[in-house]
There are 2 protein chains.
Amino acid sequence: MRVNQLAKNLNITGDTVRFYTRIGLLSPAKSSVNGYKDYSDKDQSRMQFILSARNLGFSVDEIKVIFSRTDQGESACGLVRQMIQQKLEETEKQFEEMVKLRRKLSNAVEDWSHKPDKAPTGNMICHLIEGTYAESSQLEANREASMTPSLED
Amino acid sequence: MRVNQLAKNLNITGDTVRFYTRIGLLSPAKSSVNGYKDYSDKDQSRMQFILSARNLGFSVDEIKVIFSRTDQGESACGLVRQMIQQKLEETEKQFEEMVKLRRKLSNAVEDWSHKPDKAPTGNMICHLIEGTYAESSQLEANREASMTPSLED
DNA sequence: ATAAACCTGTGTGTTAGACACAGGTCAAGG
DNA sequence: CCTTGACCTGTGTCTAACACACAGGTTTAT
C-alpha cells in the first residue's frame, strides 16, 4: 500500500508516515514499477505501535531504542516498564512546573488589577512585567527590598 | 560591556544574549576598535525584561510585539494585560493535558503490573504498549471489543 | 615575541512533524 | 494518441529557544 493509504488507515497524515520513514523507523519496499514506497501490513503495525507509544509520551528516540531490541527478536517489555516509570516521574516534575506557572500567572493578573498603565521609559519597558520576578540574577541580588509583594513562584 | 559581561550580570549564558541579539531584540553598538558588540545599560534592561516575560511564559514572538509598541514610546500595558489573560487560558488547557497524561501513565503502570513480558511477533512489538489506546483510528474503529479495559484518557 | 587563556561571531543541531513544490502518474475525454 | 486535470510522490525547508562546536581574533603573562 502507498503512503497515503496507510495514513488514511491510521487516521494520520501522509507527512507523518513520511517522517517516520525518513528517520528509518519504517522501511517500506520500493515499487520497482514507479519507485513509490510500498508499505506492508507490518509497516502499518509498526506505525500503530509508534502512535501508541507517542500517545504515552515516548519520544522518537525512545521508540528507536525499543525497536533496536524488538528488531532482533528480543522482548522490550522489561525496558518499557523501566522507561514508563521514569516517564511518570518526569511528568510529575512537569506537572509541578505547570502548577507554578499557573499560580504565577493568576498572581500577576490579580496583582496588576491594582496597577495603572504606564508609558515606557529608558530602562522600563512595561512595569507590570518588570514587577514580576525573573530567575535569581545579579540584578535581583542587588535590588533593594521593594514594597511590592514578589510574584515569584 | 561585552556579551559575556552582560550574561554574567543577569546570570544567563552568553549564548542566550547572542540569541536575542541575533533575532534583533537587542541591538548593541559595534565597537569600532575590534568589532565586538558593545551592550549598554538599556540593552541590559531589555534583556532583563525579556527574562521576566519568558518567565511568565511569553514567547519570543509575543515579546517582539510588545517591543514594537514600546520602541515607539507607546505603552504596552493594555496589550500585556490582554496577552496574559489569554496565556492563562492556554495554560489551563495544557494543565488539563498534563493531568490526562499523568493518569494515562499511572493507569498503564498499574495495568501492566498484572501482565507478563512477551517476545515480539510479526505484528506485535510490545503488547504492553499496543494494549493502550492511541487516538481514534480506522484500526480502532475496526477492532473487536477487547476484554482488556482501555487505558484511553 | 610568544604562548596560554579567553573571547568573539557564525554555523549547525535539537522535536516531531507541517508545509511547499517540482515533477511523476492516472483516469476521463477528445 | 494525446491532453487536461486531479492526485500523488519524494525531498527540502521551516518551526522555538536556545546549546554547542569551532575557527580565528584578543588579551595577558612571561
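Chain letters run A, B, ... following the sequence lines, proteins first and then strands; every chain starts at 1.
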| Verify same cluster id: B:Met98, B:Leu105 (apolar side-chain graph, 4.5 Å) |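 No, because B:Met98 and B:Leu105 fall into different hydrophobic clusters, even though each may have its own neighbours under 4.5 Å.
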
Using atom [atom1] of [X] as one end and atom [atom2] of [N] as the other, report the distance to the nearest whole Å.
X	N	atom1	atom2	answer
B:Ile50	D:dA16	CD1	C1'	15 Å
A:Asp15	C:dT15	CG	C1'	15 Å
B:Asn11	D:dC18	CG	C1'	16 Å
A:Met1	D:dC8	CE	C1'	16 Å
A:Leu26	C:dG17	CG	P	12 Å
B:Asp38	C:dT8	CG	C1'	14 Å
B:Ile12	D:dA17	CD1	C1'	13 Å
B:Phe58	D:dA17	CZ	C1'	17 Å

In residues 116-125 of chain B, what donor-acceptor pairs under 3.5 Å come from side-chain atoms, sequence neighbours left out?
from	atom 1	to	atom 2	distance (Å)
B:Asp117	OD1	A:Arg81	NE	3.0
B:Asp117	OD1	A:Arg81	NH2	2.8
B:Thr121	OG1	B:Met124	N	3.3

| message | Can you give me the bend angle of the helix from C:dA1-D:dT30 to C:dG30-D:dC1? Use the axis through the first five pairs and the one through the last five, nearest 10 degrees. | response |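 It comes to 50° between the two terminal axes.
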
| task | Would you check if B:His127 and B:Lys115 make a side-chain contact, meaning some heavy-atom pair closer than 4.5 Å? | result |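 Side-chain contact under 4.5 Å: yes.
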
Look at [X] and [N] and indicate whether a side-chain polar atom (N or O) is within less than 4.0 Å of OP1 or OP2.
X	N	answer
A:Arg2	D:dT9	yes
A:Asn4	D:dC7	no
A:Lys37	D:dT11	yes
A:Thr13	C:dG17	no

| Under 4.0 Å between a Lys/Arg side-chain N and an Asp/Glu carboxylate O for B:Glu96 and B:Lys93? |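 No salt bridge links B:Glu96 with B:Lys93.
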
| message | Salt bridge or not between A:Arg46 and A:Asp41? Use side-chain N to carboxylate O under 4.0 Å. | response |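 Judged by the 4.0 Å cut-off on N to carboxylate O distance, A:Arg46 and A:Asp41 do not form a salt bridge.
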
| field | Identified side chain to side chain contact (heavy atoms under 4.5 Å, CB included) partner of A:Lys37 from the options A:Val3, A:Thr21, A:Leu6, A:Val17 | value |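 With A:Lys37 as partner, side chain to side chain contact (heavy atoms under 4.5 Å, CB included) holds for just one option, A:Thr21.
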
| message | Minimum heavy-atom separation for B:Leu88 and A:Ser106, please, with both atom names. | response |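 The pair with the smallest heavy-atom distance is CD1-N, 4.0 Å.
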
| task | Begin from the C-alpha positions of A:Ile66 and A:Phe49 and carry the test side chain to side chain contact (heavy atoms under 4.5 Å, CB included) through to its verdict. | result | CA-CA 11 Å; A:Ile66 296 174; A:Phe49 175 85; 3.9 Å; yes

| Relative to the 5' end of DNA chain C, which residue comes earlier, B:Tyr36 or A:Tyr36, by the nucleotide with the nearest heavy atom? |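 Upstream on the strand: B:Tyr36.
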
| field | Sorted by number, the residues of residues 16-25 of chain B with heavy-atom contact under 4.0 Å to DNA chain D | value |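 B:Thr16, B:Phe19, B:Tyr20, B:Arg22 - these, ordered by number, are the residues of the stretch whose heavy atoms sit under 4.0 Å from the strand.
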
| said: Looking only at side-chain N and O atoms, does A:Asn55 offer a donor or acceptor that is under 3.5 Å from a partner on A:Ser52? | reply: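 There is no such pair (donor and acceptor under 3.5 Å, judged by atom type) between the side chains of A:Ser52 and A:Asn55.
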
